[in-house]
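Read through the structure below, which is laid out as structure tokens, and then see the notes.
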Amino acid sequence: MSVFSRLAAFLVLLLAMPFLGAGPAAALEPVQISQEDVAIDLMPAVDLYRDKGRSFQVSTVPGADGIVRRIEVEANSANASGSWAVFALANNTDEQIDRLIVVPHFKLAGSGLLWPDLGAQRVAAITPSEGFALERQPSSEADVFLVTLDPGSIITFVAEMSSDTLPEMRLWEPDAYKDTLNAYTLYRGIVLGIAGLLAVFLTILFVVKGSAMFPAAAALAWAVLAYICIDFDFWQKLVPLIAGGEQVWRAGTEVALAFTFVLFLYAYLNLNRWHGVLSAFTLIWLIGLLGLGAAAAVDPPLAAGVARLSLGLAAVVGLGLILYLAWLGFDRAIMLVPSWLLILVWLAGAWMTVTGRLSNDIIQPALGGGLVLIVLLIGFTVMQHAFAGSGIGSGLISDLERRALALAGTGDAVWDWDVTRDRIFAASDFDGAAGLPIASMNGPARNWLPILHPDDRDRFKLTLDTIVEHRRGRIAQEFRVRSEDGHYHWMSLRARPILGSDGEVVRCVGTLKDVTDHKKAEERLLHDALHDQLTGLPNRELFMDRLAAIGSLAALRPELKPSVFVIDIDRFRQVNDAFGIATGDTILLTIGRRLKRLLKPQDSLARLSGNQFGLILVSQTDVEGVAVFAETLREAITAPIQFNNSEIVLTGAIGLTGWSDTRCEDVLREAELAMYQAKRLGGDRIEPFRPAFKVAGFSRLEMESDLRRAFSRNELSLAFQPIVRLESGATAGFEALLRWEHPRRGPVSPSEFIPIAESTGLIVQLGQFALDEAARRLSDWQKLTGDPALTMSVNISSRQLIRQDLLNDVSAILKRYELASRTLKLELTESLVMDNPERSAQLLTRLREMGVGLSLDDFGTGYSSLAYLMRFPFDTLKIDQSFLKNDRRPQRPIIVSSIVTMAHELGLKVVAEGVETEADAEQLRKLGCEYAQSFFYAAPLSADDARRRLQDGMGGMKRAV
């Protein structure tokens with residue numbers, strides 16, 4: 001091309017610029033095509049020109065020869081929108097390339113929430129800058145054009161638009177596009193088949209079962225089927241759509257989805273039974289959606305946008321209703337929770353799709369499949385109702401009439417609820433009907449709600465709903481009905497459901513009876529059972545209940561610090577002897593009233609026994625306020641009482657205690673101990689509780705009770721005394737020793753609680769605790785040190801020894817903590833073994849066969865029979881500390897030497913207890929004693945201290961290496 005030709009072309013283009021419409025500022029760039037490209041998104045390379053009329057001029061991109069040309073395209077379609085799309089393709093290869101330009105009619109992603117783009121034909125024709133217009137390929141859901149690119153060609157294409165929007169344009173390799181269509185066709189066919197089967201099945205279920213939820217579920221299924229038929233382009237194959245008809249059908253199906261969605265929620269939750277206002281609101285909503293369906297023919301985008309908002313609103317409102325009714329115990333609401341969660345997830349995905357946050361080829365068909373999955377889950381839910389219940393029967397009206405006649409003489413009313421029509425009939429001629437709102441009791445079930453006591457309404461609703469849902473059972477309920485004068489009557493309802501031929505409840509029939517007098521008698525009996533008949537104050541049982549309630553509240557509110565008082569009237573027996581029991585009762589009544597006047601509403605006073613009162617003070621929490629109140633109590637008791645022109649002056653012993661984190665019985669016991677101390681000191685005084693009172697009165701029974709509670713309160717623990725190798729001084733193992741940290745007494749000696757545990761049988765539970773805890777610690781420490789030979793010795797009691805479960809316990813613990821059996825040693829005393837030598841021999845042999853170590857503890861303090869020692873399979877012998885402590889006795893070395901020699905002759909290891917000096921240790925080393933255990937090496941350690949000892953030992957070994 002000559003320089004003059006290039007200059008001429010440039011001048012022509014420059015002169016034509018004023019006549020061209022304003023277009024994109026960026027120059028058009030051709031899309032490079034190769035044989036390997038399967039699908040290319042052309043949208044970034046497309047320039048859109050709107051409102052350009054039926055004739056459009058545009059400059060092409062420079063061709064292979066570098067020349068920029070001007071082309072003019074005339075619209076051929078009658079429904080041309082006046083918009084044009086321009087793009088360019090370049091084939092830089094040496095081969096001819098065939099490709100398909102695909103523009104889908106509808107794309108859900110980015111379609112918009114309000115006034116959405118509902119799809120239409122996008123491209124009427126495509127004209128290339130060279131050659132003839134592109135050939136349109138047959139397709140009902142997209143505009144498809146075949147383009148052939150010669151080798152080395154660069155062609156500009158002008159697309160005549162049928163609409164003003166272009167959601168997507170792709171360049172496909174023909175075979176790849178065909179394979180993609182086939183893959184989606186298979187998926188769509190499966191989803192359509194499942195949706196069709198669901199719709200037909202739920203319709204059949206509606207025919208068989210008459211409940212309103214079944215036609216509502218069937219309608220929802222058909223709406224979903226219609227929606228995916230439009231979305232999957234299946235409806236086009238059944239009913240060819242006219243131009244623009246696709247938008248109307250798509251908007252119509254979205255409105256149908258919104259309508260049936262609300263209808264199903266209303267019918268399934270049976271909102272018409274109890275919620276009149278909500279029923280009216282739902283009816284208005286449904287009528288509005290019906291009107292919206294008609295509007296879809298006029299303005300489809302508006303109708304579709306409002307329908308989408310309705311779906312979201314219904315999901316939110318439905319979630320609130322379902323959670324509220326599920327909290328009330330309504331079975332249907334509880335069963336709908338999984339389906340509703342799936343609906344919420346689906347709506348969230350749909351919202352992200354239409355707003356463009358999710359945009360890919362999979363999301364649109366996935367949402368269609370999700371709709372079918374929702375209907376499938378809803379179908380399973382309604383089927384549970386369809387096939388629930390046992391048996392189908394019909395009520396015999398004549399039998400009901402006979403029963404009504406038989407009940408006429410009892411004074412009870414016939415109560416009949418026609419479930420199908422939702423009408424209740426309650427007779428007005430029964431005993432107790434006077435004053436009742438009979439007019440409100442006859443009519444829809446919801447008419448009962450305003451006349452019922454607020455505390456009984458939810459229970460009444462739940463009972464009737466449960467009977468209808470389960471189709472079995474009986475109604476046996478008592479509730480309060482407000483009479484015309486505002487007072488409440490207690491009514492007793494006894495009824496049963498009657499099933500129709502379809503298995504659904506058609507009516508509930510029973511009796512209604514006024515039981516107000518009976519309830520008042522029960523209340524009087526309950527009051528008398530919990531109150532003192534003389535003073536009217538709460539008795540001891542009610543006082544303890546209030547004390548427990550205050551304790552629970554104090555545990556949650558640290559600022560609440562209640563005080564407990566026990567008040568005993570001094571020398572009250574003398575008053576009874578001098579003036580008589582009647583006078584004594586009058587005096588008690590007077591004192592009770594005096595004390596009552598001192599209290600605030602949050603405080604509580606009770607009569608615990610004859611002349612003893614209990615008081616819970618909550619209104620005063622500081623020490624000074626409690627002290628002043630206690631003095632006020634004392635003064636109120638000592639105030640003179642006028643009797644027969646004379647005065648009687650009494651005094652009182654007052655014991656008080658603050659609240660502690662213990663049982664309410666223990667708190668009252670502390671106040672009583674303080675009161676007894678006040679009486680011992682002469683009475684007429686106030687005595688606060690001191691721990692010394694508790695220790696002085698701590699009995700064996702109390703210790704047993706506390707020991708039983710020690711397990712749940714984590715008061716028990718183990719101490720670990722090291723067993724060292726005499727030769728090296730290294731730690732070979734530990735002996736586990738039980739410890740009890742009492743919350744009030746502090747550490748309790750094993751010599752105190754072990755005998756109690758032995759006598760009560762708690763020793764077995766203690767032994768199991770010690771065995772499990774010791775094995776757990778041993779497993780941890782073996783892993784810590786890497787020493788699998790580290791041992792743990794655990795003492796066994798007589799109760800454990802005679803139990804067959806000991807073998808199972810030991811075996812289970814070894815497996816649980818993955819311990820080598822030889823590292824666990826069980827220690828038994830001579831006296832324990834000799835209590836039942838035959839049984840002991842059998843059990844010890846079994847343990848020895850398991851590989852468990854057996855140690856004879858306190859050797860020399862019991863029988864010390866060598867015959868028995870040879871009979872039992874011990875592997876370790878422990879010399880009692882009594883043989884090592886008396887250094888001045890000349891027999892000591894001889895006895896110890898004999899014991900060690902004898903043990904070695906029998907193949908036993910020896911552990912010496914009571915080593916006090918290094919000289920003792922040296923002497924034992926010379927005798928060949930292997931191990932020692934005493935305070936000389938270490939006192940019993942806590943678990944943390946024992947762990948640190950092992951870690952320190954590991955550090956020493958590393959330094960030695």
Closest non-hydrogen atom pair between [X] and [Y], with its separation:
X	Y	result
Leu814	Ser821	CD1-CB, 3.8 Å
Phe753	Val748	CE2-O, 3.4 Å
Leu854	Leu844	CD1-O, 3.5 Å
Ala326	Ala333	N-CB, 3.6 Å
Val618	Pro562	CG2-CB, 4.3 Å
Pro722	Ala939	CD-O, 4.0 Å

Heavy-atom side-chain proximity of [X] to [Y] below 4.5 angstrom:
X	Y	result
Thr657	Phe565	no
Leu950	Phe734	yes
Leu738	Leu766	yes
Met850	Leu807	yes
Pro338	Leu341	no
Leu718	Leu737	no
Val852	Lys825	no
Leu824	Thr791	no

Are [X] and [Y] ion-paired here, with the side-chain N under 4.0 Å from a carboxylate O?
X	Y	answer
Arg546	Glu541	no
Arg669	Glu665	no
Arg822	Asp875	no
Asp945	Arg948	yes
Glu818	Arg776	no
Asp772	Arg816	yes

Checking the side chain of [X] only, and the main-chain atoms of [Y] only, is there a donor and an acceptor separated by less than 3.5 Å?
X	Y	answer
Thr785	Trp781	yes
Arg607	Gly610	yes
Asn539	Leu542	yes
Thr823	Ala820	yes
Ser779	Ala775	no

Run the side-chain contact (heavy atoms from CB on, under 4.5 Å) check on Phe720 and Met792 step by step: do they pass?
-> CA-CA 9 Å; Phe720 303 91; Met792 181 69 72; 3.8 Å; yes

Looking at [atom1] of [X] and [atom2] of [Y], how far apart are the two atoms once the value is rounded to the nearest 0.5 Å?
X	Y	atom1	atom2	answer
Arg777	Leu784	CZ	CG	12.0 Å
Glu670	Leu656	CD	CG	11.0 Å
Ser604	Ile616	OG	CD1	4.5 Å
Arg459	Leu462	CZ	CG	10.0 Å
Glu827	Ile796	CD	CD1	9.5 Å
Leu726	Glu922	CG	CD	9.5 Å

Taking it one step at a time, do Glu672 and Arg540 satisfy salt bridge (Lys or Arg N to Asp or Glu O under 4.0 Å)?
-> CA-CA 13 Å; Glu672 287 176 340; Arg540 191 181 189 93; 3.0 Å; yes

Does any donor atom in the side chain of Ser717 or Arg739 lie under 3.5 Å from an acceptor atom in the other side chain?
-> no

Without hydrogens or angle criteria, can the side chains of Thr731 and Arg949 be said to hold a donor-acceptor pair below 3.5 Å?
-> yes

Criterion side-chain contact (heavy atoms from CB on, under 4.5 Å) on Tyr676 and Asp568, from CA distance to verdict | CA-CA 9 Å; Tyr676 289 137; Asp568 189 89; over 6 Å; no

Of all pairs that satisfy side chain to side chain donor-acceptor pair (under 3.5 Å), the ones with a partner from residues 928-938, not counting sequence neighbours | Gln721-Gln933, Glu735-Gln933, Lys878-Gln933, His904-Glu930

side-chain contact (heavy atoms from CB on, under 4.5 Å) assessment of Leu828 paired with Asn795 = CA-CA 6 Å; Leu828 303 91; Asn795 291 283; over 6 Å; no

Take atom NZ of Lys561 as the centre, draw a 6.0 Å sphere, and report whether it contains more than 12 heavy atoms from other residues, nucleotides or ligands.
-> no

Take Phe935 and Val915 through the side-chain contact (heavy atoms from CB on, under 4.5 Å) test and state the conclusion after the steps.
-> CA-CA 8 Å; Phe935 281 78; Val915 177; over 6 Å; no

